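Structure, as structure tokens:
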Amino acid sequence: MADPDPHIDILLSGEPLSLDHCRQFVSDPSCGGCCFFVGTIRDLNLGQTVTHLEFEAYAPMAVREMRKIAVAARAQFGLHAVALHHRTGDLAIGDTAVIVAVSSKHRQPAFEGCAFIIDELKQTVPIWKREFRGDGTHWLNARP
Amino acid sequence: MADPDPHIDILLSGEPLSLDHCRQFVSDPSCGGCCFFVGTIRDLNLGQTVTHLEFEAYAPMAVREMRKIAVAARAQFGLHAVALHHRTGDLAIGDTAVIVAVSSKHRQPAFEGCAFIIDELKQTVPIWKREFRGDGTHWLNARP
Amino acid sequence: MDKLALLTTMKILCFGVAREIAGANHLILDHVAGGTVAELRASLLLAYPAFGDLVSFAVARNEEYARDTDIIQSGDEVVIIPPVAGG
Amino acid sequence: MDKLALLTTMKILCFGVAREIAGANHLILDHVAGGTVAELRASLLLAYPAFGDLVSFAVARNEEYARDTDIIQSGDEVVIIPPVAGG
């Protein structure tokens, strides 16, 4: 299904994400700046070595929630375009988990909108991360 | 001359800039996030159509000032690595004028460090922009 | 499963740690339809006390976060949403 | 240019709008070495009043921003830095 809003590009994918794709999507002659956040898999968490990681998603709802965040960010910060891509499946250290790309006329809203999107995504989008660490296997954030 | 700090990559160039190069430079397994700012040439400024644009630099001092900003940002925000690339010469609408790339363990310092770098660059680095607009040719910021 | 059970039970989808607790990608609860989300939470904790060990969990109804006062209808897609961890 | 002039004049580099005002990528001022940056500014405005129309301008000495109280030495690389506009 094509995205109903031509300024929003949402992707939840088991394949590697492309920063270049996101950049091309948000670029526009009316924009003076693009801000990108690229989240990658760290080799350490809570002092433990991470060997790899798995993302599981409730896909249809995750895509809906990702789109809601993009719509809210465009409205709140006056962004031109938003691309929000998230991986699922098995990821290795250094792999890209998420890309947030935004464009706007001026740079301040680009920074603020980009930070807002990744903050919201971590709060509301039904995606779960299982870390395989030296001390075992953990669903992140699940237990106190 | 090779950059004395292996975590800092400064470039002032008459050739197109590469986001991919900057991304590869800052990426590291210890980092959970990279933030990028890509500044591009807008088709409108102060209500006037911009046709193209020229950047002139006092190159040796510009590179020194860019490096100072990168060093300060790493210290102040605890960044892992910084790439700061700026174009010189003739640019068309949509061309990339500047790329700021930073990596860090967590995302908040990445956003703050990236915004700090572009703000400082615009204040202190001896680079000048001449806009070719519908109403003539203007050195930006020069006159009240 | 007899006809009465089919009418009164509901399949609840489970992801992440919820899937681990349920031991499958879904679990079955009785008398969910017609009740509130709060009642579903209570039934769930009774049947699977391990959900009480989580930091929290939300409930989604038809791909939207549900409030505790929402009424679950027969035919709704109901999902346990343990603490999310995207990004 | 006689020998005395060679000893007392200094070549000041100009970029951007300063280059436009000077009509070249440098200008020559007299009695700069040994004086302060503030004195250089005063001489410059006397010789090229158009610099007074700018929002501001800085002076760089040997690739560093100079303070108004800094003394310019013979052999320094001195550059007029009109308002910058990178990024």
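These numbers were taken from a predicted model, which means no experiment stands behind them.
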Please round to the nearest 0.5 Å and tell me the distance separating atom CD1 of A/I118 and atom SG of B/C35. 11.0 Å
When rounded to the nearest 0.5 angstrom, what is the spacing between SG in B/C114 and CZ in A/F36?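 Between B/C114 SG and A/F36 CZ, I get 10.5 Å after rounding to 0.5 Å.
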Between B/C31, B/P29, B/G94, the one whose heavy-atom pairs under 4.5 Å with chain A are most numerous: B/P29
Tell me every residue that passes ring pair (Phe, Tyr, Trp, His ring centres under 6.0 Å) with A/F116, counting only those two or more places apart in sequence or in another chain. A/F77
Tell me, for B/I41 versus chain A, whether the close heavy atoms (under 4.5 Å) come from the side chain, the backbone, both or neither.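 Contact with chain A: backbone only.
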Got a list of the donor-acceptor pairs under 3.5 angstrom between chain B and chain A?
residue : atom : partner : partner atom : Å
B/R23   : NH2  : A/T96   : OG1          : 2.6
B/P29   : O    : A/D43   : N            : 2.9
B/C31   : O    : A/T40   : OG1          : 3.0
B/G32   : O    : A/T40   : N            : 3.0
B/C34   : N    : A/V38   : O            : 2.9
B/C34   : O    : A/V38   : N            : 2.9
B/F36   : N    : A/F36   : O            : 2.9
B/F36   : O    : A/F36   : N            : 2.9
B/V38   : N    : A/C34   : O            : 2.9
B/V38   : O    : A/C34   : N            : 2.9
B/T40   : N    : A/G32   : O            : 3.0
B/T40   : OG1  : A/C31   : O            : 3.0
B/D43   : N    : A/P29   : O            : 2.9
B/T96   : OG1  : A/R23   : NH2          : 2.6
B/R107  : NE   : A/D119  : OD1          : 3.1
B/R107  : NH2  : A/D119  : OD1          : 2.7
B/D119  : OD1  : A/R107  : NE           : 3.1
B/D119  : OD1  : A/R107  : NH2          : 2.7

Are A/F111 and B/F111, when compared by the centres of their aromatic rings, separated by less than 6.0 Å?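 Between B/F111 and A/F111, which both carry aromatic rings, the centre distance is not below 6.0 Å.
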